[in-house]
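See below for the structure under consideration.
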Amino acid sequence: LAARALTLPLERLAVAARRWSHGEFAHRVEISRPSELADLAAALNSMAGSLWQRDDTIRLQAKDRIMESEKLATIGQLAAGVAHEINNPIGGILLYGNLILESTPQDDPRRENMAKIIVQAERAKEIVRGLLDFSRQTPPKIERVDLNGVLLGALELLERHPLAQNVQICAELSPVPLWVQADAPKLQQVVTNIVVNAFQAMAGRGTLTVRSGLSERPGFGRVAISDTGPGISEEHRERLFEPFFTTKEAGQGVGLGLAISYGIMRQHHGEIEVQSTQGYGTTFRVLLPVARQPTAAGGE
Ligand code: ADP
């Protein structure tokens with residue numbers, strides 16, 4: 001009888017452990033005696049309760065992420081449709097504008113206004129190109145590239161940016177090459193968008209830290225770009241990757257940089273995410289699939 005008094009609670013604990021391991025965190029184990037096992041059961045029940053709560057939060061976060069990416073995909077389709085329609089008229093304006101400009105005498109005062117029309121049409125064409133990039137119209141040329149090389153190339157150019165004069169740039173790159181699957185110029189574009197935003201957020205004063213390494217997510221390389229700017233509010237963070245979302249003054253930003261970066265990362269089967277605490281700066285993380293080692297016969 002004494003043995004049964006011990007084995008029954010142990011059996012109950014074993015059943016509970018099995019059910020929890022299958023994610024059934026609502027299950028509770030009932031043990032009243034012996035008191036040591038009853039205490040253990042109470043502690044385990046409380047642990048299951050916490051796991052249940054955490055599981056729920058993760059499920060909700062995943063649902064939010066799916067809704068977010070569906071929303072961006074819909075906006076992308078809409079943007080691509082509009083961009084296609086606008087592309088041809090802009091091409092027409094540029095073509096005929098240039099023809100008229102060419103046939104207008106050098107000393108004609110109307111040349112100045114014609115040149116302005118052409119410059120504005122070219123700007124519109126750039127925006128349309130950005131929208132097409134966002135909605136995956138230009139396929140990337142994916143190759144095996146060293147993430148550190150891309151980062152160093154981008155930083156070399158960015159160091160000369162007018163807003164970088166009083167920014168301390170710290171590069172903490174992985175000591176060995178980090179081979180990933182990427183289109184190097186497009187990846188450089190993503191890094192540039194993030195870094196220029198960081199310079200602007202810090203108003204040209206602060207610290208920019210760029211780190212690279214293997215991600216905690218197996219099979220992915222990671223870049224983390226942190227700034228010491230003012231951070232991003234929750235409300236803005238939710239809309240960051242939408243095309244035309246900008247908090248900058250007219251003429252300062254169009255709101256396409258991060259939308260395009262998001263589109264590029266989706267083409268790479270990678271990820272771009274942001275973490276920010278208002279008042280404490282912002283970190284953008286970019287994840288890219290790691291490239292397999294080339295075979296000895298294939299060479300590098
Ligand atoms: P744009 O730079 O033209 O505004 P983006 O898509 O690049 O377009 O950025 C959208 C918005 O995201 C910016 O207007 C800004 O409000 C916010 N943002 C991006 N990066 C940062 C950052 N590092 N710190 C604070 N805000 C940022």
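Each ligand, and each atom within it, is numbered from 1 in the order the structure gives.
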Check your understanding: Which is closest to atom 17 (C) of ligand 1 in terms of heavy atoms, Leu240, Val195, Leu208?
Key -> Leu240
Check your understanding: What is the distance from atom CD1 of Ile225 to atom CD1 of Ile272, rounded to the nearest 0.5 Å?
Key -> 8.0 Å
Review point. Which distance, rounded to the nearest 0.5 Å, do you find between the CD of Glu271 and the CZ of Arg285?
Key: 11.5 Å
Point to revise | Part of Phe241 with heavy atoms under 4.0 Å of ligand 1, whether side chain, backbone, both or neither | key: neither
Check your understanding: So is Asn193 close enough to ligand 1, meaning a heavy atom under 4.0 angstrom away?
Key -> no
Point to revise | Side chain, backbone, both or neither: Val254 near ligand 1, heavy atoms under 4.0 Å | key: backbone
Practice item. Have a look at ligand 1 and work out which part of Ile194, if any, has a heavy atom under 4.0 Å from it: side chain, backbone, both or neither. Key: neither
Check your understanding: Within the structure, does Gln200 bring an N/O atom to less than 3.5 angstrom of an N/O atom in ligand 1?
Key -> no
Review point. Who's the nearest protein heavy-atom neighbour of atom 24 (N) of ligand 1, and how far?
Key: Ala201 CB, 3.3 Å
Practice item. Around atom 10 (C) of ligand 1, find the nearest protein heavy atom and jot down its residue, atom name and distance. Key: Phe245 O, 3.3 Å
Exercise for review: Could you tell me if any non-hydrogen atom of His236 lies under 4.0 Å from any atom of ligand 1?
Suggested key: no
Practice item. Look only at interatomic distance and state if Gly255 has a nitrogen or oxygen under 3.5 Å from any nitrogen or oxygen of ligand 1. Key: yes
Exercise for review: Using a 4.5 Å cut-off on heavy atoms from C-beta on, say whether the side chain of Val190 contacts that of Lys186.
Suggested key: no
Check your understanding: Just which atoms of ligand 1 are under 4.0 Å from any heavy atom in Thr246?
Key -> 1 (P), 4 (O), 14 (O)
Point to revise | atom 19 (C) of ligand 1 - nearest protein heavy atom and its distance | key: Asn197 ND2, 3.6 Å
Check your understanding: Taking only residues at least two apart or on different chains, which pairs with a member in residues 114-125 satisfy side-chain hydrogen bond (donor to acceptor under 3.5 Å, both in side chains)?
Key -> none
Point to revise | Within 6.0 Å of CD in Glu11, more than 12 heavy atoms from elsewhere | key: yes
Review point. Can a non-hydrogen atom of Gly229 be found less than 4.0 Å from any atom of ligand 1?
Key: no
Practice item. May I ask you to identify, for Thr282, whether its side chain, its backbone, both or neither come under 4.0 Å of ligand 1 on a heavy-atom basis? Key: side chain
Review point. How many angstroms lie between OG in Ser50 and CG in Asn45, if you round to the nearest 0.5 Å?
Key: 11.0 Å
Check your understanding: So among Leu187, Val150, Val210, Val180, which one has a side-chain contact (heavy atoms from CB on, under 4.5 Å) with Val223?
Key -> Val210
Point to revise | Check ion pair Glu143-Lys141 (N to O, under 4.0 angstrom) | key: yes
Point to revise | Nearest-contact summary for atom 16 (O) of ligand 1 - protein heavy atom, Å | key: Thr247 OG1, 2.4 Å
Exercise for review: Specify the protein heavy atom at minimum distance from atom 23 (N) of ligand 1: its residue, its atom name, and the distance to 0.1 Å.
Suggested key: Asp227 OD2, 2.7 Å
Practice item. Mind checking the CG-CG spacing from Leu178 to Leu288? Nearest 0.5 Å is all I need. Key: 9.0 Å
